[in-house]
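Beneath this line is the structure, given in structure tokens, with notes to follow.
Atoms within a ligand are numbered from 1 in the order they appear, just like the ligands themselves. Quick caveat, the model's predicted, so the values are computed rather than measured.
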Amino acid sequence: MNIHEHQAKAVLAEFGVPVPKGFAAFTPDEAASAAERLGGPVFVVKSQIHAGGRGKGRFEGLGPDAKGGVRVVKSVEDVRKNAEEMLGRVLVTHQTGPKGKQVNRLYIEEGADIAKEFYLSLLVDRETSRVAVVASTEGGMNIEDVAHETPDKIVTFFIDPATGVWPHHGLQLATALGLKGPLAKQASALLPQLYKAFVDKDMAMLEVNPLIATGDERLIVLDAKVSFDSNALYRHPDVVALRDETEEDPKEIEASKYDLSYIALDGEIGCMVNGAGLAMATMDIIKLYGAEPANFLDVGGGAGKEKVIAAFKIITADPNVKGILVNIFGGIMRCDIIAEGVVAAVKEVGLKVPLVVRLEGTNVELGKKIINESGLDVIAANDLSDGAQKIVAAVRAGK
Ligand code: ADP
Ligand code: MG
């Protein structure tokens with residue numbers, strides 16, 4: 001789960017991390033009064049969307065010369081004017097995709113005196129089972145270029161969760177950022193704060209870009225992007241409360257209500273599968289036969305008919321879906337439950353695209369019988385490969 005920059009900064013501040021003062025604003029009036037409270041003389045008006053690259057982003061409907069999603073201004077009146085221009089407008093960045101994201105809230109922040117920008121992130125490294133710390137002296141809006149062109153300027157080291165942060169890690173960070181004196185000291189103090197926030201809140205990723213040194217030698221977190229491990233959200237009601245559903249795919253929100261593991265993708269073949277491994281294999285084989293999956297969907301082991309109906313409805317509601325592949329290997333999940341769910345869902349919402357069903361395992365004969373007797377226009381498949389080939393062919397024929 002992702003949160004906004006201003007929320008991430010508030011979470012980090014709880015752990016003592018230095019962040020600039022600021023207030024969230026949903027209207028131009030709120031933006032102006034936030035600026036008044038801050039006092040100035042420099043304000044930054046920052047679009048809050050769940051995507052990075054805002055500074056270099058472009059607003060739809062404003063010319064190519066218009067300013068991006070992060071604007072530095074010098075008066076309360078200019079804060080209001082920029083807020084009026086930005087709120088409700090779609091911001092396109094290299095992370096939003098071409099559709100962009102509508103800006104529904106702003107963060108009005110005090111302007112910082114930037115002497116240097118650094119990059120710093122913490123993430124779970126599955127290979128080493130440790131927390132990876134990634135740091136670079138080349139922070140700011142061009143970090144992607146740095147990664148491509150001068151990868152040696154990015155330093156990575158690891159913290160073992162069994163022993164936590166040691167003083168030498170702090171030194172390692174200061175060295176990686178090329179810091180000396182008071183700034184090195186502040187880097188050493190910052191790392192355990194960020195690490196504690198990361199672990200205590202079950203973050204999956206914490207990216208600070210930029211971390212800055214100010215003209216008067218203070219180290220400040222100027223941008224923060226945080227995502228949380230969804231499997232651990234049950235123990236963080238405070239984090240769940242930060243959720244902004246306007247930033248999420250409505251299909252994914254619907255799926256989460258039914259406890260379905262669903263991720264929307266850009267392809268044309270909707271998949272309904274049980275088990276994450278089989279779901280991955282199904283997506284792979286669709287690609288192998290030259291098409292793209294429209295989603296990842298694991299209906300789970302013990303799904304009842306209601307869950308299957310919900311899953312089928314979510315798939316068919318996606319206008320990109322040009323064909324559906326149901327691929328079930330019944331173990332705990334029974335094929336007859338799937339068949340009943342599919343039949344009931346089609347009766348309710350209709351079926352406008354080809355449907356291939358491959359059933360195997362527990363109660364397979366009963367499942368096939370339910371589908372055959374339903375009168376549904378279903379293409380039966382014998383195995384995974386057969387099913388994938390048939391749905392790809394059916395979608396091609398339909399074009
Ligand atoms: P994004 O990463 O989405 O582009 P950032 O928050 O990193 O957004 O802002 C982009 C750039 O804007 C930063 O690299 C920094 O140079 C500048 N900036 C951001 N916040 C401030 C601030 N409070 N004061 C001064 N400059 C800022
Ligand atoms: Mg940034």
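With respect to Lys21 and Glu109, no salt bridge is recorded, no charged nitrogen being found less than 4.0 Å from a carboxylate O. Between Lys257 and Glu254 there is a salt bridge, with a side-chain nitrogen of the basic residue lying less than 4.0 Å from a carboxylate oxygen of the acidic one. Between Asp386 and Lys390 there is a salt bridge, with a side-chain nitrogen of the basic residue lying less than 4.0 Å from a carboxylate oxygen of the acidic one.
Between Asn2 atom CG and Ile49 atom CD1 the span is 11.5 Å, to the nearest 0.5 Å.
A heavy-atom distance below 4.5 Å is not found between the side chains of His6 and Lys46. Annotation: side chain of Phe43 is in contact with side chain of Val76 (closest heavy-atom distance under 4.5 Å). Counting only heavy atoms from C-beta outward, the side chains of Asp202 and Phe228 never approach each other to under 4.5 Å. No side-chain heavy atom of Leu183 sits under 4.5 Å from any side-chain heavy atom of Leu177. The shortest side-chain heavy-atom distance between Phe26 and Leu87 does not fall under the 4.5 Å cut-off.
Residue contacts with ligand 1, taken as heavy atom pairs separated by less than 4.0 Å, do not involve Thr93 at all. At a heavy-atom cutoff of 4.0 Å, ligand 1 is contacted by both the backbone and the side chain of Arg54.
Nearest to atom 15 (C) of ligand 1 by heavy atom, out of Lys9, Arg71, Glu117, Glu110, is Glu117. Taking each of Ile49, Val70, Asn209, Ile220 in turn, the one with a heavy atom nearest to atom 9 (O) of ligand 1 proves to be Val70. For atom 23 (N) of ligand 1, the candidate residues are Lys46, His94, Glu109, Lys225; the nearest heavy-atom contact is made by Glu109.
Not a single heavy atom of Pro20 sits less than 4.0 Å from an atom of ligand 1.
Of the protein's non-hydrogen atoms, Met141 SD, 3.8 Å is the one closest to atom 10 (C) of ligand 1. In terms of protein heavy-atom proximity, atom 27 (C) of ligand 1 is nearest to Leu222 CD2, 3.5 Å. The nearest protein atom to atom 7 (O) of ligand 1, hydrogens excluded, is given as Asp223 OD2, 3.0 Å; this is a heavy-atom distance. When only non-hydrogen protein atoms are considered, atom 4 (O) of ligand 1 lies nearest to Gly55 N, 2.8 Å. The protein heavy atom nearest to atom 22 (C) of ligand 1 is Val44 CG2, 3.3 Å.
With the Mg ion (ligand 2) as vertex, Asp223 OD2 and Asn209 O subtend 100°, rounded to 10°.
Polar contact with ligand 1: absent for Ala51 (N/O pair, distance under 3.5 Å).
Heavy atoms of other residues, nucleotides or ligands lying less than 6.0 angstrom from CG of Asp216 number more than 12.
For ligand 1 and Gly111, the ligand atoms under 4.0 Å from any heavy atom of the residue are 24 (N). Under a 4.0 Å criterion applied to the non-hydrogen atoms of Gly52, ligand 1 contributes the atoms 3 (O). Within ligand 1, the atoms closer than 4.0 Å to a non-hydrogen atom of Ala112 are 22 (C), 24 (N), 25 (C), numbered from 1 in the order shown. Within ligand 1, counting atoms from 1 as listed, the ones closer than 4.0 Å to a heavy atom of Ile114 are 15 (C), 16 (O), 25 (C), 26 (N). Interface of Pro210 with ligand 1, defined as ligand atoms under 4.0 Å from a residue heavy atom, comprises 7 (O), 13 (C), 14 (O).
Looking only at atom types and distance, the side chain of His50 has no donor-acceptor partner in the side chain of Asp244 under 3.5 Å away. Gln102 and Asn104 form a side-chain donor-acceptor contact under 3.5 Å, judged by distance and modelled atom types alone.
For atom 17 (C) of ligand 1, no protein non-hydrogen atom is found at a distance below 4.0 Å.
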